[in-house]
Amino acid sequence: MAEPERDTETLRTDVLVVGAGPSGLMAANVLAKLGVDAVVVDLKLGPTRESRALVVQARSMELYDQLGLAERVVAERAEAVGAVLAFRHRVLGRLPLGEFGAGSTPFPEITVLEQSRNERILVDGLEARGREVRWGLKLVALERGAASVTGVFERVGADASGGTVRVEARYVIGADGAHSAVRELSGIPFEGVTNAHTFFVADALGATGLVDGNVNIRMAPDDLLLSFPMGGPGHARILGIVRDDDLAEGGRLPESLVRSRIARGFTVGYRSSTWFATYRLHHRVAARFREGRCFVVGDAAHIHSPVGGQGMNTGLQDAHNLACALADVLVGRMPGRRLDRYEAERRPVARRLVATTDRLFGLVTSSSALAHAIRGRLVPALGPGAVRLLPRLLGGRRMFGFLSQIRIRYRMSAEPPSRSQVRDDVVGKRLPYAGGDPSNFDALRAMRWQVHGYGAPAQLVARVADRLGVEHHVFPPAAALRSDRLYLVRPDGFVAAEASVPAGRRAPAGAVPASFREQLDG
């Protein structure tokens with residue numbers, strides 16, 4: 001007897017988002033807010049249940065604020081007041097990281113909120129905009145046409161009815177993780193290495209021996225332990241190195257062994273865990289972030305160590321950047337070359353991040369005799385002084401800016417900036433936070449191109465914006481923003497161009513700064 005013919009469902013949309021983790025959901029929310037038709041699919045049958053990534057940096061909080069989701073994140077988060085450095089169980093010093101960010105962002109705190117809850121918030125945000133995720137669809141092919149790409153999916157899961165779903169889209173976003181089918185089907189190499197070490201992670205209940213409410217960094221001559229608060233006394237994420245001789249037959253790591261080892265080495269214990277796993281770290285960056293009409297974001301584009309809590313945040317910002325660019329083209333009618341900026345801006349960020357975290361993680365996990373001596377002798381001897389001096393030497397605000405990802409800079413033109421521009425100008429940077437009520441960041445919630453003036457004549461700001469067909473906002477003078485400049489701000493909050501206020505504070509009839517027009521022309 002012939003098998004019954006399996007049904008085929010066909011959908012058409014502007015953007016197909018493959019993957020409903022944090023990056024894919026961020027892209028979907030931005031596209032929905034900006035009026036771009038999109039279909040979001042995922043192989044999973046629902047949002048992630050494991051906690052996974054944990055830290056939400058200040059820049060990501062600013063993106064959530066643009067989407068109207070920051071208040072919920074704040075309500076559900078666990079706040080880390082600082083980072084504590086210790087040798088074994090002896091505390092050497094504390095870094096009040098949140099204090100360093102005061103005045104530079106509306107969200108200077110270290111926000112701890114596990115990936116599963118980030119995903120739930122983003123799914124709810126998407127549903128509030130009338131969109132939903134189509135769960136249980138496995139990408140098996142990409143069919144490329146002259147003006148579109150068709151994703152071919154198989155239904156999966158116990159309740160799946162079988163059959164095929166075909167989604168024809170003008171563009172595809174691959175947000176489907178480190179083993180991205182979009183990346184592989186697009187023929188994009190994933191370049192890098194796998195770390196020699198194996199690591200464990202435990203979401204612990206009833207943890208003892210840690211400084212509650214802080215990120216704990218503990219060192220020993222031949223060991224390392226990191227912990228992050230997860231809300232409530234004794235609830236913490238604990239990470240550490242797995243030695244080869246710890247592994248049982250078949251490469252399995254008994255959790256009981258980990259508990260006895262961290263108790264012996266760091267005087268840290270816990271009653272039970274809601275999640276325990278081991279993993280190998282990879283340091284990889286996609287050779288390209290775009291292949292024709294297909295793009296990759298998040299773990300599909302780059303993976304690296306968890307040092308600094310950068311991974312999920314970088315993916316959220318990839319997705320936000322790309323979704324804004326797609327909206328500029330699909331809704332704003334900007335030329336297609338606007339999309340070239342995504343790879344030009346985000347791939348250098350990923351490469352620097354992977355290189356930095358790779359070097360830092362290599363230093364703290366090295367098994368060399370020199371590394372043992374540094375961790376066993378120099379850290380306990382010099383650690384207290386280093387904790388006090390490090391913020392002064394590196395600059396506490398500068399260090400916060402790096403960790404929070406608010407110091408990222410994009411090149412906005414083909415001409416490299418001069419040394420003075422790099423030091424003084426804000427072009428290519430995320431708009432400096434000026435505070436106040438209303439704040440200049442309140443204006444960014446519209447997610448539209450805008451002309452800003454900070455002490456510049458209001459009529460001039462309005463006239464230039466009107467000629468460009470964009471919004472305008474006028475604010476009091478601010479420290480990092482000059483009163484003799486006008487600023488063109490992109491929907492993602494980055495300063496695309498600046499222009500001098502004309503002599504006499506009046507613009508000639510019909511005059512529009514050439515740099516502004518250049519950016520709006522893509």
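In this text, all values refer to a predicted model and were calculated from it rather than measured experimentally.
Atom CZ of residue R59 and atom CZ of residue R407 lie 14.5 Å apart, to the nearest 0.5 angstrom. Interatomic distance, OG1 of T164 versus CD of E154, reported as 6.0 Å (0.5 Å rounding). The OG1 atom of T314 sits 13.0 Å away from atom CD1 of I303, with the distance rounded to the nearest 0.5 Å. Atom CD1 of I217 sits about 12.5 Å away from atom CZ of R94, to the nearest 0.5 Å. R264 contributes atom CZ, which lies 10.0 Å from atom CZ of R88 (distance to the nearest 0.5 angstrom). How far CG of L226 is from CD1 of I241: 8.5 Å, rounded to the nearest 0.5 Å.
Ring planes of Y433 and F441: perpendicular class, angle over 60° (limits at 30 and 60°).
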Next item on the list: Assess whether side-chain contact (heavy atoms from CB on, under 4.5 Å) is satisfied between S23 and D299, documenting all intermediate values.
Entry: CA-CA 8 Å; S23 300; D299 284 356; over 6 Å; no

Next item on the list: Decide side-chain contact (heavy atoms from CB on, under 4.5 Å) for F266 and N216; before the verdict, give the C-alpha distance in whole Å, the side-chain angles of both, and the deciding distance to 0.1 Å.
Entry: CA-CA 11 Å; F266 299 104; N216 283 253; over 6 Å; no

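The shortest side-chain heavy-atom distance between L316 and M61 does not fall under the 4.5 Å cut-off. In this structure the side chain of S273 reaches within 4.5 angstrom of the side chain of E255, judged on heavy atoms. When side chains are defined from C-beta on, F494 counts as touching R430, because their heavy atoms get closer than 4.5 Å. Taking 4.5 Å as the limit, every side-chain heavy atom of E114 sits out of range of all side-chain heavy atoms of W275. Within the 4.5 Å cutoff, side-chain heavy atoms of R288 are placed close to those of P189. I110 is not listed as a side-chain neighbour of F228, based on a closest heavy-atom distance of 4.5 Å or more. The closest side-chain heavy-atom distance from S404 to T105 is not below 4.5 Å.
A70 and F107 make their closest contact through CB-CZ, 3.9 Å (heavy atoms, listed as atom of the first residue, atom of the second, distance). Smallest separation of non-hydrogen atoms from V296 and A286: CG2-CB, 4.4 Å. Contact between A204 and I238 at its shortest, heavy atoms only, is CB-CD1, 4.0 Å. Across every non-hydrogen atom of P108 and F400, the tightest pair is O-CE1, 3.4 Å. Residues I406 and S104 share a closest heavy-atom pair of CD1-OG, 3.9 Å. For S60 against Q317, the heavy-atom pair with the smallest separation is OG-NE2, 3.5 Å.
Between R155 and E9 there is a salt bridge, with a side-chain nitrogen of the basic residue lying less than 4.0 Å from a carboxylate oxygen of the acidic one. Between E76 and R120, no side-chain nitrogen of the basic residue sits less than 4.0 Å from a carboxylate oxygen of the acidic one, so the salt-bridge criterion is not met.
Taking the ring axis of F289 as reference, the NZ or CZ atom of R346 does not stay both within 45° of it and closer than 6.0 Å to the ring centre.
Enclosure of atom CZ in R129 by more than 12 non-hydrogen atoms of other residues, nucleotides or ligands within 6.0 angstrom is indicated. By the neighbour-count criterion of 12 heavy atoms within 6.0 Å, atom CD of E79 is densely surrounded, having more than that number from other residues, nucleotides or ligands.
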Side-chain donor/acceptor pairs under 3.5 Å, residues 25-45, sequence neighbours excluded:
residue, atom, partner, partner atom, Å
N29, OD1, L126, N, 3.2
N29, ND2, L25, O, 2.8
N29, ND2, L122, O, 3.0
K33, NZ, Q66, O, 2.6
K33, NZ, R445, O, 2.4
D37, OD2, T13, OG1, 3.0
D42, OD1, K44, N, 2.6
D42, OD1, K44, NZ, 3.3
D42, OD2, A20, N, 2.5
D42, OD2, K44, NZ, 3.2

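Legend: residues meeting ring-ring contact (aromatic ring centres under 6.0 Å, His included) with F276, ordered by chain and number and at least two apart, are absent.
With 3.5 Å as the limit, one finds no donor-acceptor pair spanning the side chains of R347 and Y342.
The backbone N or O of V55 sits nowhere less than 3.5 Å from a side-chain atom of R77 that would complete a donor-acceptor pair.
Each of L205, L210, I262, D203 was scored for a side chain to side chain contact (heavy atoms under 4.5 Å, CB included) with Y270, with one residue passing: I262.
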